[in-house]
Structure formats: C-alpha cells, structure tokens
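Below: one structure, written as structure tokens.
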Amino acid sequence: MDQAADKIIVTVLGKDTVGIIAKVCTYLSDNRINVLDISQTIVQGYFHMMMIVDMKKSEVSFSKCSEDLEQIGESIGVSIKCQKEEIFEKMHRI
C-alpha cells in the first residue's frame, strides 16, 4: 500500500458541544491512527473540524473506522465523514 492510500480526510460538522475533539481523538489514538494535520473553527455555535490522519499503523480498516466515527458522531450530535485522501484529491482536481 502506498503512503497516499494510508491518509484519510476526516470532517466533523455540527452544533458545538463539549468533548467533540476529545471523543474523535480518543478513538483515533485507541486505534493507532495518527493525526497529521487538524483545523477547527466555530462560527455562531457551529463546529467544523477537518483532520488529515494516517492509518498506516492501524489494524482497523478504512470502512470500520468510517463506520465507528459516524456512530460516535451520532452519539454526540455531529456529522463525521471519512474520505480517502486519494479520492478527495481526484474529486477536487481542477
């Protein structure tokens, strides 16, 4: 597997609440998924976070990670989506 295939874009969007970053980062850490870059903002009570993470050392599959994070999002009232970086790059190429 090449390096690009290991990178995932994780986006989180929803009403701001305590613990969003903690829940997401705890899951990633517990599954040996490394955060490479992170950006977050809150605008008028709405939380948005985008992360680039590396799954190279994780034993969790992309689909399992995506499912788990979606469920975590549902439990805290936000939307969490995962996308492979290579797909994201191809979709947003001009």
Side-chain angles (χ1 to χ4, degrees):
M1 189 186 269
D2 64 50
Q3 279 188 327
D6 294 325
K7 291 184 183 172
I8 305 298
I9 309 288
V10 178
T11 57
V12 181
L13 181 61
K15 280 276 206 186
D16 188 34
T17 187
V18 173
I20 297 171
I21 297 170
K23 294 244 188 214
V24 173
C25 288
T26 297
Y27 174 84
L28 297 174
S29 176
D30 288 349
N31 288 283
R32 301 185 62 201
I33 300 170
N34 188 36
V35 176
L36 301 174
D37 203 353
I38 184 172
S39 170
Q40 67 128 57
T41 187
I42 300 168
V43 177
Q44 294 185 359
Y46 289 94
F47 177 88
H48 177 260
M49 178 171 64
M50 184 172 119
M51 307 170 91
I52 300 173
V53 301
D54 184 356
M55 294 191 66
K56 191 180 331 181
K57 294 182 179 176
S58 180
E59 293 180 14
V60 173
S61 69
F62 167 76
S63 59
K64 174 77 170 129
C65 174
S66 184
E67 255 178 57
D68 290 347
L69 286 172
E70 249 183 74
Q71 288 176 353
I72 289 169
E74 286 174 15
S75 76
I76 58 176
V78 297
S79 170
I80 303 178
K81 300 293 180 197
C82 298
Q83 193 170 17
K84 293 185 179 186
E85 184 186 50
E86 59 198 22
I87 305 293
F88 187 86
E89 291 283 333
K90 289 176 183 169
M91 285 176 47
H92 294 89
R93 191 175 295 162
I94 297 176

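- In this structure, Ile8 and Met55 approach most closely via the heavy-atom pair CG1-SD, 3.4 Å.
- Here the shortest heavy-atom pairing between Met51 and Val24 reads SD-CG1, 3.9 Å.
- Taking OG1 of Thr11 as the reference point, atom CD of Gln83 lies at 8.0 Å (rounded to 0.5 Å).
- For Ile80 against Glu70, the heavy-atom pair with the smallest separation is O-CG, 3.2 Å.
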I'd like a table of donor-acceptor pairs (distance under 3.5 Å, sequence neighbours excluded) in which one partner is a side-chain atom from residues 26-48, with atom names and distances.
{"residue": "Thr26", "atom": "OG1", "partner": "Ala22", "partner atom": "O", "Å": "2.7"}
{"residue": "Tyr27", "atom": "OH", "partner": "Asp68", "partner atom": "OD2", "Å": "2.8"}
{"residue": "Asn31", "atom": "ND2", "partner": "Tyr27", "partner atom": "O", "Å": "2.9"}

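- For the atom pair NZ of Lys64 and OG of Ser58, the computed distance is 11.0 Å after rounding to the nearest 0.5 Å.
- Between the CD1 atom in Ile72 and the NZ atom in Lys23 there is a gap of 8.0 Å [rounded to 0.5 Å].
- In the hydrophobic cluster analysis, where Ile, Leu, Val, Met, Phe, Trp and Tyr join through side-chain heavy atoms closer than 4.5 angstrom, Ile21 is grouped together with Val53.
- For the atom pair Ile9 CD1 and Lys84 NZ, the distance stands at 13.0 Å (nearest 0.5 Å).
- With sequence neighbours excluded, no residue forms a side chain to side chain donor-acceptor pair (under 3.5 Å) with Ser75.
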